[in-house]
Structure formats: structure tokens, C-alpha cells
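Counting from 1, the numbers follow the sequence of the chain as shown. Please read all numbers here as calculations on a predicted model, not as lab measurements.
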Amino acid sequence: MSNNFPGEGDMMPDVAMEGADGSVVKPSDFRGHKLVLFFYPKDMTPGCTTENIEFSQAKDEFAAANTALLGVSKDPYARHEKFIAKRDLTVPLASDPEDGGLSDALGIWAEKKMYGKTFMGMVRTTYLVDTDGKIARVWPKVKVKGHVDEVLEAAKAL
């Protein structure tokens with residue numbers, strides 16, 4: 001990630017996203033609690049499904065560590081609702097605005113390449129935010145296997 005974007009020790013940008021039922025959700029809504037913001041490319045794709053299920057399964061353990069969870073992608077909220085229902089997800093999801101969203105502010109909405117094509121997409125990244133809204137830890141370019149356990153240990157230690 002470029003030095004132009006917030007990283008560990010910086011305040012998490014307070015950009016509004018769409019939450020359940022059209023509500024507005026922002027990182028500052030979670031002050032007083034630790035927050036895990038996990039950004040993922042697309043609902044209902046294999047890696048994203050695994051990641052969301054694993055965070056859902058660990059939700060109570062995160063809660064015991066005073067840590068809220070929020071999954072974020074650029075999918076519209078109607079798609080999130082289908083994803084939640086299909087996979088029995090318990091982790092809240094938010095829709096990042098198409099332009100000027102939180103992922104843009106963090107530099108993780110970036111150019112990607114797959115099968116010889118270049119496109120804009122979400123770089124799977126997780127942020128652990130402390131109770132004051134500062135970024136305590138960043139996991140860039142996340143590999144899903146074992147990731148939730150690592151984040152949980154960091155949340156407990158914070």
C-alpha cells in the first residue's frame with residue numbers, strides 16, 4: 001500500500017456506507033469497541049463465502065473480546081441480503097459507495113489483473129481498529145485460510 005493511504009497508527013477514515021435496511025453505517029459508530037473491518041471482493045464467490053462464514057462462526061468470540069465485525073464490499077445491499085440469507089451469515093455487511101467509498105480512501109479499491117484482463121476491484125484486506133478509531137493492525141492481500149483465527153488473536157491482545 002502506498003504511504004498516501006492510512007495505515008497502522010492512523011485514524012480510520014469515517015466514510016459512510018449503506019448498512020441493513022438502507023441505514024448508514026460508519027466506522028465511528030463503533031467507537032468504544034474494537035472493530036474488525038474486513039473488505040472482500042464479491043458476495044457469493046468461494047473465498048468471500050468462506051471468509052464470511054468463518055467470521056460469522058467466530059462472532060461470539062470476537063464479541064467476548066469487545067470487538068465488533070463488519071464485512072464490506074461494493075456489492076449493493078440487496079445482494080448482501082441474498083448472500084446473508086443463502087449462507088446464514090450472522091456478521092453484518094455494508095455496501096461501500098461505488099465512488100469515493102471507504103475502500104477508495106484506504107487505497108484498497110485498486111487495479112487488479114485476472115486472465116489477462118485489467119479491472120478495478122477490492123483487494124481483500126482486513127483492518128483492526130482500536131476503541132478510539134485508530135488503525136491498530138492491517139492485513140493486506142489476505143489469504144482466507146487461517147485468517148479469522150489470526151485476527152481474533154490480535155483483537156484479544158489489543
Side-chain angles (χ1 to χ4, degrees), residues 5-6 12-112 114-115 117 119-131 133 135-152 154-155:
F5 296 107
M12 174 58 70
D14 204 30
V15 179
M17 297 171 283
E18 182 184 0
D21 303 321
S23 65
V24 173
V25 62
K26 300 183 296 192
S28 63
D29 297 342
F30 299 91
R31 294 267 162 85
H33 298 277
K34 293 172 271 184
L35 172 64
V36 170
L37 278 165
F38 64 99
F39 292 83
Y40 63 94
K42 197 151 189 60
D43 290 345
M44 302 195 218
T45 56
C48 299
T49 298
T50 299
E51 185 176 24
N52 273 278
I53 288 171
E54 289 182 1
F55 271 116
S56 288
Q57 289 169 340
K59 185 179 176 187
D60 290 344
E61 291 177 78
F62 278 98
N66 190 35
T67 306
L69 298 170
L70 186 63
V72 181
S73 77
K74 295 241 184 208
D75 289 307
Y77 204 81
R79 186 169 171 90
H80 282 338
E81 288 175 326
K82 288 179 185 154
F83 187 37
I84 290 165
K86 182 175 182 177
R87 295 298 182 172
D88 294 321
L89 301 177
T90 59
V91 172
L93 302 180
S95 294
D96 203 29
E98 205 47 51
D99 292 310
L102 184 55
S103 59
D104 297 270
L106 293 167
I108 59 173
W109 181 251
E111 197 171 90
K112 297 171 87 175
M114 190 186 302
Y115 307 121
K117 292 188 188 260
F119 59 96
M120 293 302 288
M122 189 75 74
V123 178
R124 188 183 310 275
T125 308
T126 300
Y127 293 83
L128 176 59
V129 181
D130 72 15
T131 56
I135 299 168
R137 182 95 188 263
V138 181
W139 289 266
K141 298 180 181 162
V142 166
K143 301 288 182 248
V144 174
K145 188 169 176 61
H147 178 61
V148 171
D149 293 334
E150 188 179 336
V151 176
L152 180 59

Start with the C-alpha gap between Ile84 and Arg79, add the side-chain angles, then the distance that decides, and say whether side chain to side chain contact (heavy atoms under 4.5 Å, CB included) holds.
CA-CA 9 Å; Ile84 290 165; Arg79 186 169 171 90; over 6 Å; no
Pair Asp43 + Lys86: basic N to acidic O under 4.0 Å
no
Shortest non-hydrogen contact between Val148 and Glu51, atoms and distance
CG2-O, 4.4 Å
Report the C-alpha separation of Trp139 and Arg137 in whole Å, then their side-chain angles, then the decisive distance to 0.1 Å, and conclude whether the side chain to side chain contact (heavy atoms under 4.5 Å, CB included) test is met.
CA-CA 7 Å; Trp139 289 266; Arg137 182 95 188 263; 3.3 Å; yes
Sub-6.0 Å ring centroid separation between Phe55 and Phe62
yes
Reference residue Phe39; test side-chain contact (heavy atoms from CB on, under 4.5 Å); the match among Val142, Val123, Leu102, Leu70:
Leu102
Less than 4.5 Å apart, any side-chain heavy atom of Val129 and any of Pro27?
no
I need the minimum non-hydrogen distance between Leu106 and Ile135, along with the two atoms involved.
CD2-CD1, 4.4 Å
CZ-SG distance between Phe38 and Cys48, expressed to the nearest 0.5 angstrom
9.5 Å
Check whether any side-chain heavy atom of Glu18 lies under 4.5 Å from a side-chain heavy atom of Val25, and answer yes or no.
no
Of the non-hydrogen atoms in Ala16 and Val24, which two are nearest, and what is the gap between them?
CB-CG1, 3.6 Å
Least distance between heavy atoms, Ser95 atom then His80 atom:
OG-CD2, 3.2 Å
Under 3.5 Å donor-acceptor, Ser103 side chain and Gly101 backbone
no
Are any non-hydrogen side-chain atoms of Glu61 and Asp149 less than 4.5 angstrom apart?
no
Is a donor on one side and an acceptor on the other found under 3.5 Å between the side chain of Lys34 and the backbone of Ala65?
yes
Return yes if some donor-acceptor pair links the side-chain N/O of Thr49 with the main-chain N/O of Gly47 below 3.5 Å, else return no.
no
Apply side chain to side chain contact (heavy atoms under 4.5 Å, CB included) to the pair Thr126 and Val36, showing each step before the final yes or no.
CA-CA 7 Å; Thr126 300; Val36 170; 3.7 Å; yes
Once you round to the nearest 0.5 Å, how far does CG of Asp75 lie from CG of Leu93?
9.0 Å
What's the separation between atom CE in Met12 and atom CG in Asp130, rounded to the nearest 0.5 Å?
10.0 Å
Correct closest heavy-atom pair for Ser56 and Thr90 would be OG-N, 3.0 Å
Could you check whether any side-chain N or O of Thr67 sits under 3.5 Å from a backbone N or O of Ala63, counting only pairs where one atom can act as donor and the other as acceptor?
no
Which distance, rounded to the nearest 0.5 Å, do you find between the CE of Met44 and the CG of Asn52?
10.5 Å
Using side-chain heavy atoms (C-beta onward) and a distance below 4.5 Å, is Met120 in contact with Lys112?
no
One pair to check against ring-ring contact (aromatic ring centres under 6.0 Å, His included): Phe30 and His33. What are the steps and the verdict?
CA-CA 6 Å; Phe30 299 91; His33 298 277; 7.9 Å; no
CZ of Arg87 to CD1 of Ile53, rounded to nearest 0.5 Å, is 5.0 Å
Roughly how far, to the nearest 0.5 Å, is CZ of Arg124 from OH of Tyr40?
10.0 Å
Where do Asp14 and Lys26 come nearest, in terms of heavy atoms and distance?
OD1-CB, 3.3 Å
Thr131 side chain near Leu35 side chain, heavy-atom distance below 4.5 Å
no
May I ask you to decide if Ser73's main-chain N or O and Asp96's side chain share a donor-acceptor pair within less than 3.5 Å?
no
Presence of salt bridge, Glu150 and Lys143, under 4.0 angstrom:
no
